[in-house]
Amino acid sequence: MRPLTPTSTAAIAVLASVASSSVSANTFPFPTPTFRYEPFSSLSTTSQNIAEEKLGYVEVTWNNHGLAPIEHTGWVGLSSNERDGASLLGHTQDTWDCFINHYEGYSWDDLAEKGVQTHFIELGWTQAHWEH
């Protein structure tokens with residue numbers, strides 16, 4: 001896994017702010033998982049239990065995006081139990097990889113295949129920067 005640089009951290013922040021603002025499912029490739037932007041204390045007890053038991057979240061890691069180790073794992077790298085938990089909360093592979101994992105494990109070519117590479121290019125990314 002690549003360590004995050006200030007540039008990648010800024011890019012993630014921009015993507016997250018775009019995703020959580022007024023972007024609708026009609027203009028963004030995937031529906032925003034709005035529940036993930038709710039404070040942990042606002043979640044139902046069932047959702048809190050799923051987040052804790054299946055995904056390893058605690059209140060501080062839920063409320064501070066990027067702190068939970070699980071967020072550095074793409075959908076295909078999740079165990080079946082983790083994928084089940086993510087699905088129970090409302091995630092799909094697309095929403096997990098986009099809004100939670102931010103495509104960390106994807107190659108530059110994978111980003112193109114997924115149809116999101118152009119967004120990274122607009123943020124100033126190049127293949128050389130992405131792969132190093």
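Just so you know, these numbers use all the heavy atoms, side chains as well, and skip hydrogens, waters and symmetry mates.
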I need the full list of salt bridge (charged side-chain N to carboxylate O under 4.0 Å, His left out) pairs touching residues 111-124, with sequence neighbours left out, sorted by first then second residue.
Asp94-Lys114
Test side-chain contact (heavy atoms from CB on, under 4.5 Å) on Leu88 and Thr46; report intermediate values, then the result.
CA-CA 10 Å; Leu88 287 169; Thr46 300; over 6 Å; no
Just wondering, do Ile70 and Leu78 contact through their side chains at under 4.5 Å, heavy atoms?
yes
I need the Phe30 CZ to Gln93 CD distance, nearest 0.5 Å.
9.5 Å
Is a donor on one side and an acceptor on the other found under 3.5 Å between the side chain of Asn64 and the backbone of Leu67?
no
Could you tell me which residues satisfy side-chain hydrogen bond (donor to acceptor under 3.5 Å, both in side chains) with Thr61, sequence neighbours excluded, listed by chain and number?
none
Between CG on residue Asn49 and OH on residue Tyr57, distance to nearest 0.5 Å
15.5 Å
Donor-acceptor contact below 3.5 Å, side chain Asp97 vs main chain Gly74:
no
Is Val60 isolated, or which residues cluster with it under the ILVMFWY side-chain rule of less than 4.5 Å, directly or via members?
Val58
Just jot down the salt bridge (charged side-chain N to carboxylate O under 4.0 Å, His left out) partners of Asp109, sequence neighbours excluded, or say none.
none
Can you sort out the partners of Thr126 under side-chain hydrogen bond (donor to acceptor under 3.5 Å, both in side chains), two or more places apart, ordered by chain and number?
His129
What pair of heavy atoms forms the shortest contact from Trp75 to Ala86, and how long is it?
CZ3-CB, 3.7 Å
Residues two or more places apart in sequence or in another chain: which of them pass salt bridge (charged side-chain N to carboxylate O under 4.0 Å, His left out) with Glu71?
Arg36
With no hydrogens and no angle check, is any side-chain donor or acceptor of Trp62 less than 3.5 Å from a backbone partner on Glu38?
yes
If you define the side chain from C-beta out and look only at heavy atoms, does anything of His119 sit under 4.5 Å from Trp125?
no
Please identify each residue that fulfils side chain to side chain contact (heavy atoms under 4.5 Å, CB included) with Pro39, with sequence neighbours left out.
Ser41, Ser42, Asn63
Gln48 CD to Leu89 CG distance, which is reported to the nearest 0.5 Å
11.0 Å
Under the side-chain hydrogen bond (donor to acceptor under 3.5 Å, both in side chains) rule, collect the residues that match up with Ser44, sequence neighbours excluded.
Ser47
Of all the heavy-atom pairs spanning Pro31 and Phe99, show the shortest one and how long it is.
O-CE1, 3.6 Å
Excluding sequence neighbours, so at least two apart, what forms side chain to side chain contact (heavy atoms under 4.5 Å, CB included) with Gln117?
Trp108, Leu111, Ala112, Ile121
Looking at side-chain heavy atoms only, is the closest gap between Thr32 and Thr95 below 4.5 Å?
no
Test salt bridge (charged side-chain N to carboxylate O under 4.0 Å, His left out) applied to Asp84 - qualifying residues, sequence neighbours left out:
Lys54
Could you list the residues that satisfy side-chain hydrogen bond (donor to acceptor under 3.5 Å, both in side chains) with Ser79, not counting sequence neighbours?
Glu82
Quick one: ring pair (Phe, Tyr, Trp, His ring centres under 6.0 Å) partners of His91, sequence neighbours excluded?
Phe35, Trp96
